[in-house]
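The chains referred to below are lettered A, B, ... by the order of the sequence lines, with proteins before strands, and numbering in each begins at 1.
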There are 2 protein chains.
Amino acid sequence: MATVLTRKERERTERENRILQLAREMLQEVGYLGLSMDRIAAEMEYSKGTIYQHFRNKEEIILALANEALETRLAMFERAATWPGDSRTRMAAIGAAAEAFVERYPMHFAVEQIVRSSSIWEKTSEERRQFMDACEGRCLQIVGGIVRDGLSQGDLELPPGRSAEDLVFGLWSLNFGAYTIISSSGSLKENGITDPVEALRLSQNRMLDGHNWRPLSSDVDYPGVMDQVKREMLKDE
Amino acid sequence: MATVLTRKERERTERENRILQLAREMLQEVGYLGLSMDRIAAEMEYSKGTIYQHFRNKEEIILALANEALETRLAMFERAATWPGDSRTRMAAIGAAAEAFVERYPMHFAVEQIVRSSSIWEKTSEERRQFMDACEGRCLQIVGGIVRDGLSQGDLELPPGRSAEDLVFGLWSLNFGAYTIISSSGSLKENGITDPVEALRLSQNRMLDGHNWRPLSSDVDYPGVMDQVKREMLKDE
DNA sequence: TCTCATTATCGACTCTTCGTCATTTTTTGA
DNA sequence: TCAAAAAATGACGAAGAGTCGATAATGAGA
């Protein structure tokens with residue numbers, strides 16, 4: 001009896017994964033507007049009603065994809081945060097993880113962008129929204145922890161009234177903004193920005209230098225560290 | 001004959017503006033997904049066909065709104081760039097203009113976000129896309145000009161191989177990312193980021209400090225300058 | 001003022017998609 | 001084997017995008 005239930009449940013989750021996988025591919029090909037429940041059903045060779053047994057509407061599918069994305073990044077951040085070294089080096093490792101995430105899972109990042117700008121929130125379930133917030137919060141905490149380590153070890157200072165999270169917010173904004181612009185602006189090269197990812201690294205390092213987070217980027221080869229971390233993170237599979 | 005044509009043309013552009021105004025309001029109320037051509041037509045008391053004489057599809061309306069947004073910001077940047085003072089102070093003025101833009105025209109910024117993440121590009125006309133790129137490029141040039149002024153006056157240095165535009169890209173990403181996250185994340189306060197706009201200012205100043213752009217933010221009250229610029233820019237009407 | 005060609009406007013129509021739900025099919029366990 | 005429960009189906013209603021032939025307004029010339 002127990003095994004029967006689990007077999008059913010296994011089938012269910014497996015089908016759910018198939019739906020999500022298909023939705024991801026579709027999203028890649030035809031974009032958010034082209035994503036259609038009818039087409040998903042047809043491609044799955046299931047009826048529409050069955051698809052709706054898994055996800056109450058289209059937005060739930062999108063948000064489920066976004067949840068996977070945030071979960072994936074959270075895992076990568078958790079791993080990067082344990083990189084050996086001083087606080088600033090660990091911060092560089094986080095930066096490398098963020099880069100690796102976008103490179104390794106471009107669709108994940110694209111979904112996150114969609115979720116952050118379309119008004120899909122109202123139609124989605126409370127749970128998934130909370131999951132999203134939870135992942136976001138955990139990520140903030142992880143990176144904030146590194147900042148707090150640095151603060152307690154005297155590697156950097158913050159002005160009175162500003163929190164470790166404020167600093168993290170700056171890094172987060174910089175990264176999210178940079179990749180969004182990269183993926184949506186057609187005229188970067190024409191305007192003298194030949195290697196935006198390199199420009200992002202520079203800005204990031206200069207921001208941390210501005211916080212006087214030692215050792216400064218002029219004294220350590222952080223790009224080298226980042227390349228090393230990335231290689232390590234992208235290694236398996 | 002000439003006057004007849006101009007009257008007709010005036011009527012035409014006026015109606016076009018009415019459509020855009022209406023679309024903007026609708027976007028505010030019901031979001032991108034709720035924006036409907038039928039509803040625009042009904043509200044305008046014109047038939048759908050007439051609306052389609054102005055805009056070949058829904059995406060064109062969105063992009064037209066985005067064009068207005070970029071045009072507005074360009075004007076604000078042009079004005080801010082002439083603020084008297086050294087290069088770094090003028091940079092602070094640009095930052096203030098960016099803030100003022102989002103505060104004064106939140107809908108403009110929201111439209112920009114939509115355009116940057118939905119896949120509406122394929123359906124839109126070449127001209128409007130070019131206009132978009134042109135505004136973007138001009139903005140980059142204006143801010144890049146301030147950086148070049150600073151470089152030539154020895155107020156800051158850049159590593160070899162990095163351009164003034166690379167620096168601007170960092171600021172641009174930081175700002176765009178920050179406002180996107182602010183408008184889409186429900187859990188900033190819960191995670192210790194009580195005043196994200198203040199956090200953005202800090203990050204921005206620290207980034208410029210990291211570029212060693214003098215005078216440093218520790219020596220000048222740039223937030224005070226920014227408040228002053230903003231007051232000036234938001235003054236008229 | 002009247003005529004007629006040109007231009008503008010209209011809205012019914014097609015097509016597509018979302019989401020529902022009564023009906024049919026399959027599974028389960030006695 | 002069989003009846004009840006669960007799962008799957010797809011026809012259907014509603015709503016929106018975009019088209020196009022029919023209709024109305026305009027205005028230049030007679």
Let me know the distance between CZ of B:Arg12 and C1' of C:dT7, rounded to the nearest Å.
12 Å
Which letters describe nucleotides 9-24 of chain D, given B = protein heavy atom under 4.0 Å from base, S = only from sugar-phosphate, - = neither?
BB-----SBBB-----
Show every ring pair (Phe, Tyr, Trp, His ring centres under 6.0 Å) that has at least one partner inside residues 170-202 of chain A, sequence neighbours left out.
A:Phe109-A:Phe176, A:Phe109-A:Tyr179
Under-4.0 Å salt bridge between B:Glu198 and A:Arg162
no
Using side-chain heavy atoms (C-beta onward) and a distance below 4.5 Å, is A:Leu140 in contact with B:Ser187?
no
Within the structure, does a side-chain N or O atom of A:Arg15 lie under 4.0 Å from either OP1 or OP2 of D:dA8?
yes
Can you tell me if A:Glu60 uses its side chain to pair, donor with acceptor, with the backbone of A:Ser125 under 3.5 Å?
yes
Would you be so kind as to tabulate the donor-acceptor pairs closer than 3.5 Å made by side chains of residues 74-82 of chain A, with sequence neighbours excluded?
| from | atom 1 | to | atom 2 | distance (Å) |
| --- | --- | --- | --- | --- |
| A:Glu78 | OE2 | A:Arg138 | NH2 | 2.7 |
| A:Arg79 | NH2 | A:Glu232 | O | 3.3 |
| A:Thr82 | OG1 | A:Arg79 | O | 2.8 |

Name every residue in residues 19-32 of chain A that has at least one heavy atom under 4.0 Å from any atom of DNA chain D, in order of residue number, or write none if there are no such residues.
none
List for me each residue that meets side-chain hydrogen bond (donor to acceptor under 3.5 Å, both in side chains) alongside B:Asp227, sequence neighbours excluded, and say none if there are none.
B:Arg201
Nearest atoms (heavy-atom pairs only) where B:Leu33 meets B:Lys58
O-NZ, 4.5 Å
The side-chain contact (heavy atoms from CB on, under 4.5 Å) partners of B:Ser163 (sequence neighbours excluded) come to B:Glu165, B:Asp166
